[in-house]
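Presented below is the structure to which this report refers.
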Amino acid sequence: MDRARAARRAALAAAGVQLLHLAPAAVRLPPLRRTVARPLAGYGADPRHIALTFDDGPDPRSTPYILDALDRLGIRATFFLLGAMLERAPALGRELTDRGHEAAVHGWHHRPQWYPAPARDLRELRRATEAVADLCGARPRWYRPPYGVLTAGPALAARRLGLRPVLWTAWGRDWTEQATGDSVYATARPGLTGGATLLLHDSDCTSAPDSWRATLAALPLIATHCRTRSLTLGPLRHHALA
């Protein structure tokens, strides 16, 4: 009986720890994202600015095309980089910042941290943060968890490392096999309002092969939409978070 009671207590304690670990992920729910989690979601206070952000790079196969397109459009953005990808293409990380863009942290690997492992979370996030700082030449300010799932371990690790977590308020669903430039723009368009943070991808490392080409095709459409509405696309550093 005592063993059974102890086992039940241990199971309840483990469940409690798991719930606490997962609690921050509730900010993905739309009602919370629009209210108490507005700064975390990326809502800005500037009614004329939209933060343009890219995830999952840098990727030598695709990121240079995105950078060239942004140069042609006269737009700067924030790139949330994976440490493992940056390690493979360090020169591309430095080129990104040399061309006026902002480097931020997306973790080391692209995987959600569903289970509590504080030491691992801190170790991996520190490794990614140091890689961005060393290879891109600027200390990062922002952290976006993979899949937008912010659990307690990475949230606490980000705080210790001086990183501010930021998710997004609009996306283009540009990671799917069916994505096209028109579909990415059509999906993003309702959210392209002042104060928004737009999520796109400059790599297909975790997406459908060549899906980044849809992103590339959508960029001129998004830029024209914003320009005709007197909205400015820019990096998070120019975004007055609410």
Side-chain angles (χ1 to χ4, degrees), residues 27-57 62-63 65-80 96 99-104 106 141-145 147-148 150 164-204 207-208 211-242:
V27 300
R28 292 195 66 184
L29 299 174
L32 289 178
R33 193 175 281 216
R34 289 191 296 265
T35 55
V36 298
R38 285 180 65 84
L40 175 58
Y43 285 102
D46 187 341
R48 293 297 176 189
H49 190 267
I50 294 175
L52 177 60
T53 67
F54 294 88
D55 282 8
D56 296 355
S62 52
T63 302
Y65 291 96
I66 299 293
L67 294 176
D68 288 345
L70 294 174
D71 276 351
R72 289 192 296 270
L73 295 167
I75 295 171
R76 296 297 173 260
T78 298
F79 287 77
F80 285 89
L96 185 151
R99 292 169 76 162
H101 301 286
E102 184 177 37
H106 199 32
R141 299 171 57 188
W142 318 104
Y143 166 61
R144 176 175 288 158
Y147 303 104
L150 182 64
R164 181 169 178 175
V166 179
L167 302 181
W168 60 86
T169 69
W171 61 15
R173 295 188 66 84
D174 56 343
W175 61 87
T176 67
E177 186 177 357
Q178 298 77 21
T180 64
D182 288 337
S183 76
V184 171
Y185 169 57
T187 302
R189 183 173 54 200
L192 296 178
T193 57
T197 292
L198 175 61
L199 164 66
L200 297 173
H201 295 80
D202 64 307
S203 170
D204 61 5
S207 307
S211 54
W212 60 270
R213 296 184 184 277
T215 308
L216 187 67
L219 284 175
L221 304 176
I222 292 169
T224 297
H225 172 98
C226 293
R227 186 169 56 251
T228 58
R229 288 159 179 79
S230 299
L231 296 168
T232 300
L233 285 165
L236 277 166
R237 64 173 177 253
H238 296 161
H239 202 45
L241 291 176

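All values below come from the heavy atoms of this structure, side chains included, with hydrogens, waters and symmetry mates left out.
The minimum heavy-atom distance between Leu192 and Ile50, with the atom names listed, is C-CD1, 3.7 Å. Contact between Ala218 and Gly181 at its shortest, heavy atoms only, is CB-O, 3.5 Å. Closest of all the heavy-atom pairs between Ile75 and Ala223 is CD1-CB, 3.8 Å. The shortest heavy-atom contact between Gly191 and Ala196 is O-CB, 3.2 Å. Contact between Pro165 and Leu40 at its shortest, heavy atoms only, is O-CD1, 3.3 Å. Across all their heavy atoms, Leu70 and Phe79 have their closest contact at CD1-CZ, 3.8 Å.
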- Message: Using the rule given for side-chain contact (heavy atoms from CB on, under 4.5 Å), can you reason through Thr197 versus Arg144, listing the C-alpha separation, both sets of side-chain angles and the distance that settles it, and then say yes or no?
- Response: CA-CA 12 Å; Thr197 292; Arg144 176 175 288 158; 3.7 Å; yes

- Query: When you look at Ser211 and Asp204, which way does the side-chain hydrogen bond (donor to acceptor under 3.5 Å, both in side chains) test go after all the steps?
  - Reply: CA-CA 6 Å; Ser211 54; Asp204 61 5; 5.3 Å; no

- Residue pair Arg99, Asp68: steps toward the salt bridge (charged side-chain N to carboxylate O under 4.0 Å, His left out) verdict: CA-CA 10 Å; Arg99 292 169 76 162; Asp68 288 345; 2.6 Å; yes

- Message: Pair Tyr143, Leu150 - check side-chain contact (heavy atoms from CB on, under 4.5 Å), show working.
- Response: CA-CA 10 Å; Tyr143 166 61; Leu150 182 64; 4.0 Å; yes

- Message: What verdict does the side-chain contact (heavy atoms from CB on, under 4.5 Å) test give for Ile66 and His201, after you've listed the backbone C-alpha separation in whole Å, the side-chain angles of each residue and the deciding distance to 0.1 Å?
- Response: CA-CA 9 Å; Ile66 299 293; His201 295 80; over 6 Å; no

- Task: Show your reasoning for whether side-chain contact (heavy atoms from CB on, under 4.5 Å) applies to Tyr65 and Leu219.
- Result: CA-CA 11 Å; Tyr65 291 96; Leu219 284 175; over 6 Å; no

- Intermediate values then yes/no, side-chain hydrogen bond (donor to acceptor under 3.5 Å, both in side chains), Ser203 and Asp56: CA-CA 6 Å; Ser203 170; Asp56 296 355; 5.9 Å; no

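One N or O on the side chain of Arg48 and one on the backbone of Arg229 form a donor-acceptor pair closer than 3.5 Å. Asp174 contributes no side-chain N or O that, together with a main-chain N or O of Leu200, makes up a donor-acceptor pair within less than 3.5 Å. Side-chain atoms of Thr187 do not come within 3.5 Å of backbone N or O of Arg173 as any donor-acceptor pair. Using a distance-only test at 3.5 Å, with no hydrogens or angles considered, no donor-acceptor pair links the side chain of Arg76 to the main chain of Gly234. His239 places a side-chain N or O within 3.5 Å of a backbone atom of Gly42 that can act as its donor or acceptor partner.
Separation of atoms CG (Leu233) and CZ (Arg227) is listed at 9.5 Å; rounding is to 0.5 Å. For the atom pair Thr180 OG1 and Arg213 CZ, the distance stands at 14.5 Å (nearest 0.5 Å). Going from atom NE2 of His238 over to atom CG of Leu52 covers 13.0 Å, rounded to the nearest 0.5 Å. Remark: Trp142 CH2 to Thr53 OG1 distance equals 11.5 Å, nearest 0.5 Å. Atom CG of residue Leu96 and atom OG1 of residue Thr78 lie 9.5 Å apart, to the nearest 0.5 angstrom. Taking CG of Asp182 as the start and CG of Leu221 as the end, the distance is 6.0 Å to the nearest 0.5 Å.
Using a 4.5 Å cut-off on side-chain heavy atoms (C-beta onward), Asp71 and Leu67 make no contact. The side-chain heavy atoms of Leu167 and Pro145, taken from C-beta on, include a pair separated by under 4.5 Å. A heavy-atom distance below 4.5 Å is found between the side chains of Glu102 and Arg141. You'll find the side chain of Asp55 stays beyond 4.5 Å of the side chain of Trp171, heavy atoms only.
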